Amino acid sequence: MNTDYNIARFERELGKVQRPGMDKLLEYIRKSDFYTAPASTKYHLAAPGGLLQHSLNVLDALRGLLDWRSDGAWEYRAAGKVVATIPDESVTVMALLHDICKTHFYGTSTRNVKNDATGKWEKVPFYTVDDKMPLGHGPKSAMIVKQYTTLTTAEMYAIWHHMGATGDRNNDNAVGQSIEMFPAVLALHTADMMASRFMEGEKENKPPFDAAPPEISSGTASAGEYADNPATAAGEPEFQEAPPLSEGA
């Protein structure tokens with residue numbers, strides 16, 4: 001993963017979304033561990049920068065599910081029929097921010113593992129869950145975003161339910177109803193599954209998703225528009241405690 005390149009692309013993509021407070025949200029992201037956190041403890045992209053890479057992967061997967069229209073929107077189809085028209089900035093917001101709940105979520109520890117080559121036991125680092133904002137998953141993402149900027153109703157439902165069915169009857173009923181109301185819920189969930197199951201390995205993207213994407217313009221292909229150059233700033237951002245949820249936010 002080229003984290004500097006991914007940071008540049010992430011900020012370029014998010015910078016296209018012109019909403020009040022978006023600058024404050026980006027400031028929160030920069031001060032958090034979003035750019036250095038893993039995407040999971042061990043299942044997919046469990047490596048520094050994994051969360052950032054996963055967010056971009058979901059954006060690419062979501063764009064690949066949709067058909068571009070010349071008026072700046074995307075069409076979501078079932079059996080060739082349009083079931084939803086989704087604004088371009090909604091696609092960007094849903095994909096890039098669906099897992100913002102994973103900021104201030106992971107910690108690290110070590111365990112003893114036997115080195116087969118030397119026969120000696122060695123301390124090996126691994127990721128743990130150390131959730132500093134235990135407010136759930138999709139709902140927490142929506143709440144964090146709404147502290148700083150706005151979400152459309154469809155965006156909120158999609159981010160809230162992006163995990164899909166979980167085996168909990170009440171949740172699953174809500175997911176099903178939400179999909180019928182806002183098909184973008186299913187589109188985002190599908191893109192999330194595509195990214196984690198097809199595109200991502202334990203530490204890196206799988207081939208053929210492991211190379212930096214080519215320069216292409218939004219609307220001419222499903223992968224969207226990418227950053228021109230990697231970011232110049234390097235180094236791990238200083239950790240900041242997650243801000244409390246504002247009353248009434």
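Hydrogens, waters and symmetry mates are skipped; everything else that's a heavy atom, side chains included, is used. Model, not experiment: these values are computed from the prediction. This chain uses plain numbering: 1 for the first residue, then up along the sequence.
For Tyr43, the side-chain contact (heavy atoms from CB on, under 4.5 Å) partners at least two apart in sequence or on another chain are Ser40, Thr41. The side-chain hydrogen bond (donor to acceptor under 3.5 Å, both in side chains) search around Ser90 returns Glu155, not counting sequence neighbours. Under the side-chain contact (heavy atoms from CB on, under 4.5 Å) criterion, Asn170 pairs with Asp168, not counting sequence neighbours. Glu122 pairs by the side-chain contact (heavy atoms from CB on, under 4.5 Å) definition with Asn115, Thr118, not counting sequence neighbours.
Looking only at atom types and distance, the side chain of Asn171 has a donor-acceptor partner in the side chain of Thr166 under 3.5 Å away. Side-chain contact annotation: His44 with Glu202, donor-acceptor N/O pair under 3.5 Å absent. Side chain to side chain, Trp74 and Asp67 fail the donor-acceptor criterion of an N or O pair below 3.5 Å. Under the 3.5 Å distance criterion, with hydrogens and angles disregarded, no donor-acceptor pair is assigned to the side chains of His137 and His98.
Leu62 places none of its side-chain heavy atoms less than 4.5 Å from the side chain of Ile86. The shortest side-chain heavy-atom distance between His104 and Asp130 does not fall under the 4.5 Å cut-off. Residues Thr3 and Thr36 fail the side-chain proximity criterion, which asks for heavy atoms closer than 4.5 Å. Side-chain contact check for Tyr35 versus Arg30: some heavy-atom pair is nearer than 4.5 Å. With a 4.5 Å cut-off on side-chain heavy atoms, Asp210 and Glu204 do not count as touching. Between Tyr106 and Leu51 the shortest side-chain heavy-atom distance does not fall below 4.5 Å. In this structure, the side chains of Tyr148 and Asp23 stay at 4.5 Å or more apart for every pair of heavy atoms. Between Leu66 and Arg77 there is no side-chain heavy-atom pair separated by less than 4.5 Å.
The NZ atom of Lys140 lies 10.5 Å from the CD1 atom of Ile100; values are rounded to the nearest 0.5 Å. Here the OG1-NZ distance, from Thr92 to Lys16, works out to 6.5 Å after rounding to the nearest 0.5 Å. Of the inter-residue distances, the one linking Ile29 atom CD1 with Met22 atom CE reads 8.5 Å to the nearest 0.5 angstrom.
At least one donor-acceptor pair under 3.5 Å links the side chain of Arg19 to the backbone N or O of Thr150. Side-chain N or O atoms of Ser141 include none that pairs as donor or acceptor with a backbone N or O of Ile159 at under 3.5 Å. Side chain of Asp131 to main chain of Phe105: no donor-acceptor pair is present (N/O by atom type, distance under 3.5 Å, no hydrogens or angles).
Taking hydrophobic clusters as Ile, Leu, Val, Met, Phe, Trp and Tyr residues chained together by side-chain heavy-atom distances below 4.5 Å, Val185 shares a cluster with Val83.
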Evaluation steps, side chain to side chain contact (heavy atoms under 4.5 Å, CB included), between Leu65 and Thr190: CA-CA 9 Å; Leu65 282 172; Thr190 302; 3.9 Å; yes
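A salt bridge links Asp60 with Arg9: the distance from a Lys NZ or Arg NE/NH1/NH2 to an Asp or Glu carboxylate oxygen falls below 4.0 Å.
Not less than 6.0 angstrom separates the ring centroid of Phe198 from the ring centroid of Phe209. Residues His189 and His162 keep their aromatic ring centres 6.0 Å or farther apart.
Annotation for Lys206: atom NZ counts as buried by contact number, over 12 foreign heavy atoms lying within 6.0 Å.
Within the structure, salt bridge (Lys or Arg N to Asp or Glu O under 4.0 Å) pairs that include any residue of residues 190-199 do not occur (at least two apart or interchain).
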Using residues 173-183 as the side-chain source, report each donor-acceptor pair under 3.5 Å to any protein atom, sequence neighbours left out, with the distance given to one decimal.
unit_1	atom_1	unit_2	atom_2	d
Asn173	ND2	Arg169	O	3.4
Ser178	OG	His161	NE2	3.3
Ser178	OG	Ala174	O	2.7

